[in-house]
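In what follows, a single structure is set out as structure tokens and then discussed.
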Amino acid sequence: MDCGGLICFVGLVILILSESCIAGIQSIGKIYPGFQGSQMNWIDKSGLFLLSNNSNFALGFNPTPDVTLYLLVIIHTTSLDVIWTANRGSPVANSDLFSFGEDGTVSLKKGDRPVWAPDTGGKRVSAIELQDSGNLVLLGNDSRVIWQSFSHPTNTLISDQEFREGMKLVSDPSANNLTYVLEIKSGDMILSAGFRTPQPYWSMQNDNDKTINKDGGEVTLASLSANSWRFYDSNKVLLWQFKFADEKDANATWIAVVGNDGFISFYNLDDRGSASQTKIPSDPCSVPEPCDAYYVCSGNKVCQCPSALSTFPNCKPGIVSSCNSSTGSSALVSAGNGLNYFALGFVPPSSKTSLEGCKSSCSSNCSCLALFFQNSTGNCYLFDQIGSFQDSGTSSNFATYIKVLSDSNNGGSGSSKMGFPYVVIIVAATVLIIFGLLYVAFRYYRNKKRLLENPQESSEDDNFLENLSGMPIRYSYRDLQTATNNFSVKLGHGGFGSVYQGVLQDGTRLAVKKLEGIGQGKKEFRAEVSIIGSIHHHHLVRLKGFCAEGSHRMLAYEFMANGSLDKWIFKRNKEDFLLDWDTRFNIALGTAKGLAYLHEDCDVKIIHCDIKPENVLLDDHFNSKVSDFGLAKLMNREQSHVFTTLRGTRGYLAPEWITNYAISEKSDVYSYGMLLLEIIGGRKNYDPSYSSEKSHFPSYAFRMMEEGKVREILDSELNLDMNDKRVSAAIKVALWCVQDDMHLRPPMPKVVQMLEGLCPVPQPPISSPLGYRLYSGLFKSISEEGTSSGPSDCNSDAYLSSVQLSGPR
């Protein structure tokens, strides 16, 4: 992009910004065809783009536990409870689009693949409305409802929502990937475990806490009203009531949620989602998974393995797939007569027979994993999947048998004999593993000791250094130990080690970087040696030599007498020396020249990835030199962008790092823009000690530029001539560099030309506050770990976790 091209961008930027502003507006009540956007368009609205008229409910994107993926949801704005989800099980990225097309179609896409599209029967949608009740409705050309979320619930019902026969509430999967289903069936409300063969475990008809208004009818409709759940027949005659809250909460807005623990819970949205004490079922042991499968639940969810499985590993019967004959033969073992099972009383018996007949039926049915036989009635119950059992004490008249893996099909020989071989195998395997680990540890200790005693033995990882042409001097560990007086004068500390002052015998001064924790820093060591060792520029720190001897890894740089830039622009107290404007401008220009060389004049394009004041060093004449290439990324000349793992320091990262887009040399341009603003303002780019409008310096700088208050951007202690054209040029260059859209940022050679006055600097466009929104929203919600090559004094708590925020890309 040449200088004239930059001017052309101004008109284009106005169009781009106007379109993004339209997408970023939060609509009230309804939206119409021609509407689309992704989570990023409403990131400052927490991803919510459509509010109900009463503002109690909102439609928008809600993050999953993985903060990089999102669900399209209806959310209660006060309690933040989700009452409906469009794409459950198919989350989308923050750049994926929700679209309401001009043709009247509605969809949510993951890339080019639709993950949700409401079935409107082929009718065109003329408007999407979020009603005050929380119901999302799609209106046809005649303004009639052609689809509504209330007819397609997920796992939640809300007050006055009609739940009819044929609808289902399905929970999120549990830790064992089991879901729970609530539905109206056979004239009753039934809650079931979603096994291969569903197993009911609660019904309203059998619940003793309900009030019967009219007996004998069949339920076809239910709804939450006031503080009770009400059940009606097909004529809307009230049959039953189930109270879940006190009278004082009768006028509140309630929701009923089928949770992944198997319970139905009730929440008061008007009281910020506070939970009712009432749950369905009321007994904590009467759901499928209060304990792991086969365990016995008693009291307040106390779990114990039944004696029949006590000798089996993890209380499991050893049968992975009951119909897979390759797993070995099976046998039935007695679990005693004191057990109950949640589905008994809700499923019909498989047959009416004797105990031996029931055992024979289970043995001959490969899918049968357990049986319950009722002595008093002769009812035989067979189950092909098992949850946890219940301890019924002596009240149960069921005999329980569990199918287990056995070497001989001997029926009831007892579990202890069958479990014995497994115990022997486990003990023997454990002993072998322990001896193996001890042997490996002994060998590792021997090798490490030998390596320390004879450091000249380089590992294969060191061999790469010998094959690089034009490498700096290779020093021995003793050379650098002597030069630094046994590492006595420490200049600073970084994320991969400490830096010490040193002097060679010929008087050459060095800064020796000693990598500590080589397991973490080996990759960065290779990067610095291979990259900076082969490039030479007046504004790049010169690598004099290196040491790769045994476990020691060190880098010897030219000594920079005035240290890093942050010590000179971020004053700790009033007595600190103040850099004048000429010095600051020359530092900024020199840094830009160094980056331009990396981006344009090397054999491969080098993206530094961690431009910040701590990585700009100053010599005794305050000439600036870029340092610390441990995080650098190489690009072929043919590449315009590249994906890589997150690297760098919070506050200097370009938006594309955070939003999972590919990065390029323009990412360095953004970081340089932040650095340039800090040089100009003499303050950090984010400083909460300032007022809220000034805390994020780039946003404040854009606003002051727009209002013509340029002096407010500059360091208040600087004495300078406001007619100096370099002042205005530097500010405008910085604001061009920190544009959210990487394509609007100038390349570094153009930055150098604009700073040198060889090219006019157009007025920068108004920037959207994406950087501030990302900083204040996402960054503060994650743990703060180091991902840069060294902690900074000015941003000591400002590091991103590449694992939590982005992960490998």
Side-chain angles (χ1 to χ4, degrees), residues 3 6-26 41-45 569-571 578 580-581 584-585 588 651-652 654-655 669-742 744-746 751 754-755 757 759-777:
C3 295
L6 278 174
I7 299 175
C8 297
F9 264 111
V10 174
L12 179 62
V13 165
I14 295 174
L15 177 61
I16 293 172
L17 290 174
S18 64
E19 289 179 352
S20 64
C21 287
I22 291 173
I25 293 174
Q26 200 172 46
N41 293 107
W42 298 283
I43 191 171
D44 58 333
K45 307 292 184 185
I569 59 174
F570 303 135
K571 294 181 64 176
L578 180 70
D580 59 34
W581 171 246
R584 296 190 193 204
F585 184 82
Y652 302 93
V669 175
Y670 184 94
S671 302
Y672 174 79
M674 287 294 190
L675 170 70
L676 182 53
L677 279 175
E678 293 182 329
I679 293 174
I680 294 168
R683 52 157 292 185
K684 307 167 192 175
N685 58 54
Y686 184 83
D687 190 340
S689 65
Y690 285 87
S691 62
S692 58
E693 67 170 5
K694 293 184 179 181
S695 59
H696 187 245
F697 189 39
S699 302
Y700 178 69
F702 272 108
R703 188 162 60 254
M704 292 301 98
M705 172 65 80
E706 184 182 5
E707 295 174 4
K709 301 177 181 178
V710 176
R711 189 66 182 85
E712 297 297 318
I713 304 174
L714 299 166
D715 189 335
S716 59
E717 298 187 27
L718 272 178
N719 294 317
L720 48 80
D721 181 3
M722 290 304 296
N723 294 321
D724 188 340
K725 293 182 179 179
R726 297 178 301 172
V727 175
S728 175
I731 294 174
K732 288 191 285 187
V733 166
L735 298 183
W736 271 109
C737 290
V738 297
Q739 291 293 311
D740 293 340
D741 185 348
M742 70 170 70
L744 297 182
R745 301 173 206 151
V751 169
M754 290 190 289
L755 290 177
C759 174
V761 188
Q763 189 73 12
I766 300 171
S767 175
S768 69
L770 175 60
Y772 175 68
R773 286 178 273 157
L774 286 170
Y775 194 100
S776 62

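As the structure is a prediction and not an experimental result, all values here were calculated from the model.
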Listed partners of K725 passing side-chain contact (heavy atoms from CB on, under 4.5 Å), at least two apart: none

Any non-hydrogen side-chain atom of V710 less than 4.5 Å from a side-chain atom of M704? no

Answer yes or no: is there a side-chain heavy-atom contact under 4.5 Å between M742 and Y670? no

Is R683 positioned over the aromatic face of Y690, cation under 6.0 angstrom from the ring centre and no more than 45 degrees off axis? yes

Any idea which heavy atoms bring P746 and V669 closest together, and the distance? O-CG1, 3.4 Å

Does R703 have any side-chain hydrogen bond (donor to acceptor under 3.5 Å, both in side chains) partners at least two apart in sequence or in another chain, and if so, which? none

Shortest non-hydrogen contact between M705 and I713, atoms and distance: N-CD1, 4.1 Å

Mark yes or no for whether R584, through its side chain, and L676, through its backbone, hold a donor-acceptor pair below 3.5 Å. no

Mind checking the CG-CG spacing from L718 to D580? Nearest 0.5 Å is all I need. 8.0 Å

Output, in order, the C-alpha distance, side-chain angles, deciding distance and verdict of side chain to side chain contact (heavy atoms under 4.5 Å, CB included) for V727 and F585. CA-CA 9 Å; V727 175; F585 184 82; over 6 Å; no

Under the salt bridge (Lys or Arg N to Asp or Glu O under 4.0 Å) test, which residues partner D687, sequence neighbours left out? none

Okay, side chain of W42, backbone of I25: is any donor-acceptor separation there less than 3.5 Å? yes

Applying side-chain contact (heavy atoms from CB on, under 4.5 Å) to E706 and not counting sequence neighbours gives I766

Roughly how far apart are L720 CG and D715 CG, rounded to 0.5 Å? 9.0 Å

The reported gap from CD in Q26 to CG in D44 (rounded to nearest 0.5 angstrom) is 8.5 Å

Go through the structure and list residues passing side-chain contact (heavy atoms from CB on, under 4.5 Å) with P764, not counting sequence neighbours. K732, L735, W736

Y700 side, atom OH; L677 side, atom CG - distance, nearest 0.5 Å: 13.0 Å

What's the shortest heavy-atom distance between W581 and A730, and which atoms? CH2-CB, 4.1 Å

Compare all side-chain heavy atoms of C737 with those of V751 and state whether any distance is below 4.5 angstrom. yes

Would you compute the distance between atom CG of L675 and atom CG of N685 and round it to the nearest 0.5 angstrom? 9.5 Å

So, the side chain of S671 versus the backbone of Y652: is there a donor-acceptor pair under 3.5 Å, distance only? yes

For R745 and P655, the nearest pair of non-hydrogen atoms, with its separation, is NH2-CD, 3.6 Å

Could you measure the distance from the CZ atom of R711 to the CE atom of M722? Nearest 0.5 Å is fine. 6.0 Å

Determine whether more than 12 heavy atoms belonging to other residues, nucleotides or ligands lie under 6.0 Å from atom CG of D721. yes

Among all residues two or more places apart in sequence or in another chain, which pass the side-chain contact (heavy atoms from CB on, under 4.5 Å) test with S691? E693, K694

Without swapping roles, check the side chain of Y672 against the backbone of A588 for a donor-acceptor pair under 3.5 Å. yes

